[in-house]
Amino acid sequence: GENVEQHPSTLSVQEGDSAVIKCTYSDSASNYFPWYKQELGKGPQLIIDIRSNVGEKKDQRIAVTLNKTAKHFSLHITETQPEDSAVYFCAARVYNFNKFYFGSGTKLNVKP
Amino acid sequence: KAGVTQTPRYLIKTRGQQVTLSCSPISGHRSVSWYQQTPGQGLQFLFEYFSETQRNKGNFPGRFSGRQFSNSRSEMNVSTLELGDSALYLCASSGRDSREGDSPLHFGNGTRLTVT
């Protein structure tokens, strides 16, 4: 089955700096890649997603890039703010199955 | 639109007991999935229901079961609880039947199950 690896497991940045989280996947049949943010005591919340026919997608301070050949995708957060502090998960869905495989998570700490 | 609602938020059970968790999806969503979240294993897929039928199943023992009702609400049952079943159980709904397009999961805030 699909295997998603995520790095780093923890990331500490200064407010205003950029943060990058990277994920790799193994199944070339995966075609949809969402990113989730999970705050303490809450469920994961979708923040951005990308389909396999798109190389990059941006939404204000957040962007995701996808390299299908290398089977990796990344989350970029610019101008980080303390409220960005949370655990971030990448995920991949294999074509024709509504089943998601998640990375192990990155705990992002933005220091004021 | 109201989000995904899970009840109860917290549960404490004893080994050997059984438990039932409930999930109400976003209105109009017909797919409901369940995930187990633990510090050691992360988010792991349990099963998915669509139109009252189990469509996908993860690698969990038969003690874990679920069902979906005609109004798309879903329940998950764990029988003969073990200490290792302590986890956050997350329910998620998604909007379209399509497994090809952009159908993200929308998660509830989970049920925290503690087995003593």
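By convention in this document, chain letters (A, B, ...) are assigned in the order of the sequence lines, proteins followed by strands, and residues within each chain are numbered from 1. Side-chain atoms are counted along with the backbone in the values below, which use heavy atoms only and exclude waters and symmetry mates. As the structure is a computational prediction, the values presented were derived from the model and not from experiment.
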task = Name the member of P44(A), G105(A), A91(A) that forms the most heavy-atom pairs with chain B at distances under 4.5 Å.
result = P44(A)
inquiry  = Can you tell me if Q14(A) has over 12 outside heavy atoms packed within less than 6.0 Å of its CD?
reply    = yes
query = Taking everything shown except K58(A) itself, do over 12 heavy atoms lie less than 6.0 Å from its NZ?
reply = no
request  = Report yes if the distance between the aromatic ring centroids of F107(B) and Y36(A) is under 6.0 Å, otherwise no.
outcome  = yes
request  = Determine whether more than 12 heavy atoms belonging to other residues, nucleotides or ligands lie under 6.0 Å from atom CD of E15(A).
outcome  = yes
ask   = Should we say atom CG of N53(A) is surrounded by more than 12 heavy atoms from elsewhere, each under 6.0 Å from it?
value = yes
message = Within the 4.5 Å heavy-atom criterion, are F50(B) and N98(A) side-chain neighbours or not?
response = no
Within 6.0 Å of CG in L40(A), more than 12 heavy atoms from elsewhere = no
task = Indicate the atoms forming the closest heavy-atom contact of Q37(B) with F89(A), along with that distance.
result = NE2-CZ, 3.4 Å
query = Under 6.0 Å from the CZ atom of R63(B), do we count more than 12 heavy atoms belonging to anything else shown?
reply = yes
remark   = Applying a strict 4.5 Å limit to non-hydrogen atoms, the region of L88(B) in contact with chain A is side chain
ask   = By a 4.5 Å heavy-atom criterion (distance strictly below it), what part of R9(B) contacts chain A: side chain, backbone, both, or neither?
value = side chain
task = Side-chain contact test, heavy atoms from C-beta onward, threshold under 4.5 Å: evaluate it for P104(B) versus F100(A) and give yes or no.
result = no
ask   = Do you know which two heavy atoms are closest between Y35(B) and K99(A), and how far apart they sit?
value = OH-C, 4.1 Å
key: Engaged part of L90(B) at the chain A interface, taking heavy atoms whose separation is under 4.5 Å   = side chain
ask   = Does a sphere of radius 6.0 Å around CD in Q44(B) hold more than 12 heavy atoms from other residues, nucleotides or ligands, not counting ones at 6.0 Å or beyond?
value = yes
task = Answer with side chain, backbone, both or neither: which region of Q38(A) has an atom nearer than 4.5 Å to a non-hydrogen atom of chain B?
result = side chain
